[in-house]
Amino acid sequence: MADATEKAEHDRIFKKFDANGDRKISAAELEEALKTLGSVSPDDVKRMMAEIDTDGDGNISYQEFTDFAAANRGLMKDVAKIF
């Protein structure tokens with residue numbers, strides 16, 4: 001379970017990815033956010049969507065995002081530094 005600081009960080013990062021504010025991250029939003037990290041291919045986006053979008057609805061929900069973040073704390077610390 002994430003502590004309050006970690007939850008606030010997840011909220012902040014999620015909002016950066018969720019450009020239209022609909023509480024879901026689409027593949028297009030993921031791709032745009034990842035472009036700030038450097039070169040990203042459509043295949044990279046597809047792979048990430050497949051890994052994080054566990055219910056297969058084509059969007060990353062906040063719950064899916066936080067589940068991924070909890071399982072990938074080191075990666076999330078790196079992402080937090082960038083965003």
Side-chain angles (χ1 to χ4, degrees):
M1 184 73 175
D3 64 20
T5 303
E6 197 172 22
K7 183 183 181 322
E9 194 69 7
H10 292 168
D11 289 348
R12 185 182 70 75
I13 295 168
F14 186 86
K15 288 176 185 174
K16 292 281 189 181
F17 280 78
D18 180 20
N20 67 3
D22 67 354
R23 301 290 294 158
K24 298 179 283 189
I25 301 169
S26 68
E29 288 171 321
L30 179 63
E31 183 174 11
E32 280 304 308
L34 292 176
K35 283 181 182 176
T36 65
L37 304 176
S39 180
V40 60
S41 74
D43 286 340
D44 293 334
V45 174
K46 285 179 190 173
R47 259 192 312 278
M48 291 184 77
M49 286 298 292
E51 181 178 351
I52 304 170
D53 176 23
T54 56
D55 68 6
D57 71 352
N59 293 292
I60 299 169
S61 69
Y62 182 76
Q63 185 62 53
E64 289 168 330
F65 176 81
T66 57
D67 289 348
F68 176 81
N72 296 277
R73 283 193 164 87
L75 174 63
M76 292 308 293
K77 285 182 184 180
D78 292 341
V79 171
K81 291 175 190 173
I82 297 165
F83 289 100

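Index from 1, following the sequence. Being a predicted model, the structure only gives us computed values, none of them experimental.
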Task: Residues which pass ring-ring contact (aromatic ring centres under 6.0 Å, His included) with F14, listed by chain and number, not counting sequence neighbours - done: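 By the ring-ring contact (aromatic ring centres under 6.0 Å, His included) rule, F14 matches Y62, F65.
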Distance-only criterion, 3.5 Å: show the donor-acceptor pairs between side-chain atoms of residues 76-83 and protein atoms not counting sequence neighbours.
none

Working to the nearest 0.5 Å, report the span between [atom1] of [X] and [atom2] of [Y].
X   : Y   : atom1 : atom2 : result
S26 : M49 : OG    : CE    : 7.0 Å
T36 : K16 : OG1   : NZ    : 9.5 Å
T66 : I60 : OG1   : CD1   : 11.5 Å

Open item on the list: Run K7 and D11 through salt bridge (Lys or Arg N to Asp or Glu O under 4.0 Å) and show every step you take.
Closed with: CA-CA 6 Å; K7 183 183 181 322; D11 289 348; 3.1 Å; yes
[X] side-chain N/O to [Y] backbone N/O, donor-acceptor pair under 3.5 Å:
X   : Y   : result
N72 : L75 : no
N20 : D22 : yes
E64 : D55 : yes

Open item on the list: If you compare all heavy atoms of E29 against all heavy atoms of K24, which two are closest, and at what distance to 0.1 Å?
Closed with: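 Closest heavy-atom pair between E29 and K24: OE1-O, 3.0 Å.
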Task: Least distance between heavy atoms, I25 atom then L30 atom - done: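 Scanning both residues completely, I find the closest heavy atoms to be CG2-N, 3.9 Å.
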Open item on the list: Test: side chain to side chain donor-acceptor pair (under 3.5 Å). Region: residues 42-53. Which pairs qualify, not counting sequence neighbours?
Closed with: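 Sorted result for residues 42-53: S41-D44, D44-R47.
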Task: M48 side chain reached by V40 side chain, heavy atoms, under 4.5 Å - done: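 Answer no - side chains too far apart.
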